[in-house]
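Just below is one structure, and these are the notes that go with it.
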Amino acid sequence: MEIPASEQELLNRAQDIAGLTLGEIALSAGIKIPKDLTKNKGWIGLLLEHVLGASAGSRPEPDFPHLGIELKSLPINEQAKPLETTFVSVAPLTGLVGVTWQTCYVKKKLAKVLWVPVITPKEVPISERIVGTPFLWSPSAEEEALLAQDWQELTDMIVLGEVENIHGKHGQVLQLRPKAANSKAKTQGFDRNGKPFMTLPRGFYLKINFTQALLHRYLRIN
DNA sequence: AAATGATCATTA
DNA sequence: TAATGATCATTT
C-alpha cells in the first residue's frame, strides 16, 4: 500500500476498514491468517500497518514519519474495554542525565496517535474479529500531566538505581514492565552505587484505565 | 476477572 | 542486542 500523503488520507483509509473483519482485510491484502496469535503476537498490528501504508521496519520513528503519527492497534472486547496494556517504548536505563519529560521518548511517541480498536475476544476466531472506529488522539493537558508524573516517578527510580524494584503497580496510567525475548535477556543499567550492571530490558506501557478513558472521550461510549 | 511478569516473531 | 509489532499465561 502506498504511503498516505496526508493526515486526512490516512484517516480515510482507517475509516474505510472500520467494520470489516480481519479475514476480509487480510484476504484483500493477500496475507495469510494465523490460527492463533501465540507465535504471531504482533500480527494484527503488522496487518494494519500494511493496509494503512505505514513504512515497515524496526526504526525508532513514528509509523508515519512525515505526518508525525504513530499507529496503535487496541484490542478491545464487545463492551469496548481494552483487553491489554499498550506498549509505548523501550525504557532507556542509561543516558538519562538531562532527559526531562519534555525531551523524553514517551512524550514524542504519544504526541499524535492513530488508535485503531479491534474487537478481539479470545473466543472469536481471528478472521472474524472486527475493526472498530479509528480515532486520532493527542494528549489533553490532564492526560499529559498524568503521563508526565508517572514518567518522572519511574525515571527517578531508574536513575537512583532502583530499576529492579520497579514493577507493574507503579504509576497511575504508565507502567514499567519487562520488554524482552525472555527473562534471561540483559541490557545495561546502573545499580544503587552507580555501577553498571546487566538487567532485564524494560518498556513503558499504558495501563488499561488510561486507554479506556481515551475510548470514552473520543467515541463517547459507556 | 484483572493485572503482572514472561514471551514470540521479525528486522537490522 | 535492540528496535519494531504486541499477546500469552500465570499469579493475585
Side-chain angles (χ1 to χ4, degrees), chain A residues 1 14 22 25-26 29 31-65 69-96 104-106 108-110 113-126 129 131 150 154 157-158 163-189 196-213:
Chain A
M1 180 60 76
L22 296 181
I25 294 167
I31 294 173
K32 192 167 182 291
I33 300 164
K35 285 199 174 57
D36 61 76
L37 297 178
T38 307
K39 299 220 178 272
N40 290 277
K41 296 184 181 179
W43 185 82
I44 295 175
L46 294 175
L47 176 69
L48 293 177
E49 278 192 359
H50 181 83
V51 300
L52 295 178
S55 34
S58 60
R59 292 165 312 207
E61 306 187 310
D63 297 291
F64 302 95
I69 296 175
E70 174 75 14
L71 175 66
K72 288 288 179 200
S73 65
L74 184 62
I76 60 173
N77 64 16
E78 288 95 338
Q79 289 75 240
K81 174 167 185 175
L83 294 169
E84 294 287 348
T85 56
T86 303
F87 174 70
V88 178
S89 74
V90 168
L93 303 182
T94 62
L96 283 164
C104 79
Y105 232 161
V106 174
K108 287 194 182 71
K109 282 271 190 158
L110 298 181
V113 179
L114 177 62
W115 294 95
V116 182
V118 181
I119 307 169
T120 298
K122 288 262 197 201
E123 63 274 16
V124 175
I126 294 169
R129 296 179 186 175
V131 173
D150 286 350
L154 296 166
M157 288 186 73
I158 294 171
V163 207
E164 302 206 319
N165 295 322
I166 302 175
H167 44 76
K169 286 199 178 79
H170 287 96
Q172 297 177 63
V173 296
L174 191 69
Q175 61 183 181
L176 195 77
R177 304 218 312 277
K179 171 61 174 173
N182 56 58
S183 59
K184 284 128 201 152
K186 298 291 180 201
T187 190
Q188 193 197 107
F197 79 120
M198 299 306 280
T199 187
L200 190 58
R202 324 289 162 118
F204 287 108
Y205 296 79
L206 295 175
K207 292 189 172 186
I208 286 173
N209 60 351
F210 187 79
T211 47
Q212 178 156 30

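Just so it is clear: chains get the letters A, B, ... in the order the sequence lines come, proteins before strands, and each one is counted from 1. Quantities reported herein were computed from a predicted structural model and do not represent experimental measurements. Scope of the values below: all heavy atoms of this structure, side chains included, with no hydrogens, waters or symmetry mates.
No engagement by A/P201 is indicated, since no non-hydrogen atom pair under 4.0 Å with the nucleic acid exists. Within the 4.0 angstrom heavy-atom criterion, base atoms lie near A/Y205. Using a 4.0 Å heavy-atom cutoff across all strands shown, A/Q188 reaches no nucleic acid atom at all. Note on A/G45: only backbone sugar-phosphate atoms sit closer than 4.0 angstrom, heavy atoms only; bases stay farther off. Within the nucleic acid shown, A/T120 has no heavy atom closer than 4.0 Å to any nucleic acid atom. Within 4.0 Å (heavy atoms only), A/T187 reaches sugar-phosphate atoms of the nucleic acid but no base atom.
Comparing atom distances between the A/D63 side chain and each of B/dT7, C/dG5, C/dA6 picks out C/dG5 as nearest. Of the listed nucleotides (B/dA2, C/dG5, C/dA3), C/dG5 has the atom at the smallest distance from the side chain of A/E70. Closest approach to the A/E49 side chain among C/dG5, B/dA2, C/dA2 is made by C/dG5 (side chain taken as heavy atoms from C-beta onward). Distances from the side chain of A/L37 to the nucleotides B/dA3, C/dT7, C/dA6 place C/dT7 closest. The side chain of A/S183 lies closest to B/dA6 when the candidates are C/dA3, C/dC8, B/dA6. Of the listed nucleotides (C/dT7, B/dA9, B/dT4), B/dT4 has the atom at the smallest distance from the side chain of A/K207. Nearest to the side chain of A/T38, among B/dT7, B/dA6, C/dA9, sits C/dA9. If you check B/dC8, C/dA6, C/dA2 against the side chain of A/K39, the one that comes closest is B/dC8.
For A/E61 against A/E70, the heavy-atom pair with the smallest separation is O-OE1, 4.0 Å. Contact detail for A/P62 and A/I69: the closest heavy-atom pair is CB-O, 3.5 Å. Smallest separation of non-hydrogen atoms from A/H170 and A/L154: CB-CD2, 3.7 Å.
Looking at A/T38, its side chain never comes within 3.5 Å of a backbone N or O of A/D36 through a donor-acceptor pair. A donor-acceptor pair under 3.5 Å is formed between the side chain of A/N182 and the backbone N or O of A/A185. At distances below 3.5 Å, at least one donor-acceptor pair connects side-chain atoms of A/D63 with backbone N or O atoms of A/L71. When atom types are taken as modelled, the side chain of A/K179 and the backbone of A/A91 share no donor-acceptor pair closer than 3.5 angstrom. At distances below 3.5 Å, not a single donor-acceptor pair connects side-chain atoms of A/K186 with backbone N or O atoms of A/F197.
Summarising the geometry, the separation between CZ on A/R129 and P on C/dA6 is reported as 14 Å, rounded to the nearest angstrom. A straight line from CG of A/L71 to P of C/dG5 spans 8 Å, rounded to a whole angstrom. Rounded to an integer number of Å, the gap from CD1 of A/I126 to P of C/dT7 is 10 Å. Rounded to a whole Å, the CG atom of A/N77 is 13 Å from the P atom of C/dT7. Atom CD in A/E61 sits about 11 Å away from atom C1' in C/dA3, given to the nearest Å. Rounded to whole Å, the distance from CG on A/L83 to C1' on B/dA2 is 11 Å. Between A/I31 atom CD1 and B/dA9 atom C1' the separation is 15 Å, expressed in whole Å. Note: CD1 (A/I208) to C1' (C/dC8) measures 13 Å, nearest angstrom.
Rounded to the nearest 0.5 angstrom, A/T199 OG1 and A/I158 CD1 are separated by 10.0 Å.
The phosphate of C/dA6 (OP1 or OP2) has a side-chain N or O of A/S73 nearer than 4.0 angstrom.
Listed by residue number, A/R177, A/K179 are the residues of residues 167-181 of chain A with a heavy-atom contact under 4.0 Å to DNA chain C.
The residue among A/K186 and A/L74 whose nearest nucleotide of DNA chain C lies closer to the 5′ end is A/K186.
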